[in-house]
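Written out below as structure tokens is the structure these notes cover.
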Amino acid sequence: MNLTDIPIIDAHIHQWDPLSTPRDFSGLARLFKYLPVPIGVAMKVAPQRDREFVGDPTPYMHPYLPADYRTDTAGLTVRTIAHIEVEWTGTGPLAKADETRWVASLPFGVDTPALGAVLASADPAAPGFAALLDAHASASSLLRGIRTMVAHHPDPGIRSFTGTPGDLTANAFLEGFAELAERELSFEAWVYSHQLPDVAALAARYPEVTIVLDHLGTPAGIFGPVGKHTGANPGHRRELFLRWREDIAAVAAQPNVVAKVSGLMMPILGHKVPPRGSATPVPELLDRIGPLLTHAVDCFGVDRLVWGSNFPVDKPITTIAGSAQAVATAITAHVGDSGCLDQVFRANAQRVYRIDES
């Protein structure tokens with residue numbers, strides 16, 4: 001079986017328009033629109049942790065909408081997508097539901113892939129969490145779960161998305177999390193790899209909630225130095241890999257966890273960013289991500305792995321087709337059967353997100 005034979009579900013994409021909607025990076029996007037210097041030059045004054053995370057700021061400074069995504073899928077047959085929230089900053093306790101409403105209004109399914117699921121922004125620890133879930137559900141019948149920005153790294157040179165390291169274990173978070181179980185909603189766990197034990201503990205406490213581990217736990221620095229000291233040398237990167245292996249196995253021991261083979265080309269993993277307009281060759285990507293993928297297959301099996309492009313976040317490193325081909329090649333070589341690709345690239349996402357492909 002080849003990828004071209006599969007009506008692919010891309011289970012992890014982002015859409016944004018920082019020029020007309022409120023995002024964390026909207027202010028910079030509007031500023032750079034009028035600066036008389038290239039974005040890359042202007043970004044040299046930005047904090048190193050932001051530059052290392054994005055790799056190339058260009059995708060963040062412009063709208064990324066269904067037609068842009070369709071263009072980026074050249075070489076693949078992507079039929080359906082799942083949209084993941086991204087840094088909406090509106091005011092008021094229900095403001096984040098505006099992102100769901102905005103996504104639902106985008107022209108998906110015209111001459112673009114269909115919108116199959118929405119994973120919205122909400123924090124179980126915040127007051128009014130249940131009301132916000134209801135507002136998201138009212139904004140779109142495709143609501144299937146939430147993501148909370150809990151990624152926190154102990155290296156101060158690496159960008160954290162929350163000010164506290166233990167959000168997943170806080171009492172208020174754990175108490176609010178029960179609302180997901182009541183509504184049969186899933187949770188997108190995007191964390192850095194040292195937080196994986198917290199994901200395992202959360203899954204054990206709430207076995208009735210499907211937890212989707214985004215980006216195989218984002219082991220920052222595993223391919224090269226980032227931050228002040230993470231992945232600084234081959235020995236350190238080996239330690240990162242060994243700890244990641246153990247922690248991934250512990251997370252996979254919880255049967256309610258599904259892992260996304262996505263985000264493996266994020267610059268923060270330590271990838272070298274190629275010149276703008278080019279992409280890292282697939283064989284080079286395979287050399288890096290192959291050991292992560294084979295371990296993920298051994299731990300989760302092919303029936304609990306879901307592919308997502310993480311576009312446009314991964315765009316500075318690869319193309320969507322390059323990402324998919326690297327993942328498919330590594331998994332097929334390890335399993336010895338290309339028949340599993342339909343599970344990883346379509347069927348598992350359809351099951352997890354209850355996507356209607358009729």
*asked:* Are Phe311 and Val306 linked, directly or through intermediate hydrophobic residues, by side-chain heavy-atom contacts shorter than 4.5 Å (ILVMFWY only)?
replied: no

*Go through the side-chain N and O atoms of His334 and Asp298 and say whether any donor and acceptor fall under 3.5 Å apart.*
yes

_Would you say that more than 12 heavy atoms from the other residues, nucleotides or ligands in this model lie under 6.0 Å from the CD of Glu182, or not?_
yes

*Give a yes-or-no answer on whether the side chains of Tyr64 and Asp72 include a donor-acceptor pair shorter than 3.5 Å.*
yes

*Just how far is it from atom CZ of Phe53 to atom OG of Ser160, taken to the nearest 0.5 Å?*
10.0 Å

*Check: Tyr206 and Phe187 side chains under 4.5 Å, non-hydrogen atoms*: no

*asked:* If hydrophobic clusters are built from ILVMFWY residues whose side chains come within less than 4.5 Å, do Leu3 and Ile289 share one?
replied: yes

*Tell me, yes or no, whether the heavy-atom count around Arg79 atom CZ, taken from other residues, nucleotides or ligands under 6.0 Å, exceeds 12.*
no

*Mind checking whether Ser309 and His12 have side chains closer than 4.5 Å, heavy atoms only?*
no

*Enter the distance from His153:NE2 to Tyr192:OH here, rounded to the nearest 0.5 Å.*
7.0 Å

*Please tell me if the side chains of Leu19 and Pro63 come closer than 4.5 Å, counting only heavy atoms from C-beta onward.*
yes

*asked:* Could you check whether Arg101 makes a cation-pi contact with Trp88, meaning its NZ or CZ is under 6.0 Å from the centre of the six-membered ring and within 45° of the ring axis?
replied: no

*Would His229 and His236 count as a close aromatic pair, with their ring centres under 6.0 Å?*
no

*Given the side-chain rings of Trp244 and His295, with only the six-membered ring counted for Trp, is the space between their centroids under 6.0 Å?*
yes

*Within a strict 4.5 Å, meaning less than it, do heavy atoms of the Leu133 and Glu179 side chains meet?*
yes

*Gln15 and Tyr69, any side-chain heavy atoms less than 4.5 Å apart*: yes

*Matching residue for Glu87 among Arg159, Arg23, Lys96, Arg147 - test: salt bridge (charged side-chain N to carboxylate O under 4.0 Å, His left out)*: Arg159

*Is any side-chain heavy atom of Phe223 closer than 4.5 Å to a side-chain heavy atom of Leu292?*
yes

*Under 3.5 Å, is there a donor-acceptor pair between the Asp155 and Thr230 side chains?*
yes

*Can you tell me how far CZ of Arg183 sits from CZ of Arg144, rounded to the nearest 0.5 angstrom?*
15.0 Å

*Linking I/L/V/M/F/W/Y whenever their side-chain heavy atoms sit closer than 4.5 Å, directly or via other members, would Leu305 and Leu196 fall into one cluster?*
yes

_Quick check for you: to the nearest 0.5 Å, what is the distance between Leu240 atom CG and Leu269 atom CG?_
10.0 Å

_Salt bridge Arg243-Glu239, side-chain N to carboxylate O under 4.0 Å_ = no

*Check whether any side-chain heavy atom of Glu85 sits under 4.5 Å from a side-chain heavy atom of Leu119, and report yes or no.*
no

_For Glu184, is there an ion pair with Arg354 - N to carboxylate O distance below 4.0 angstrom?_
no

_How about CZ on Arg351, more than 12 heavy atoms from neighbouring residues, nucleotides or ligands closer than 6.0 Å, or not?_
yes

*Going by heavy atoms in the side chains, are Ile158 and Val226 under 4.5 Å from each other?*
yes

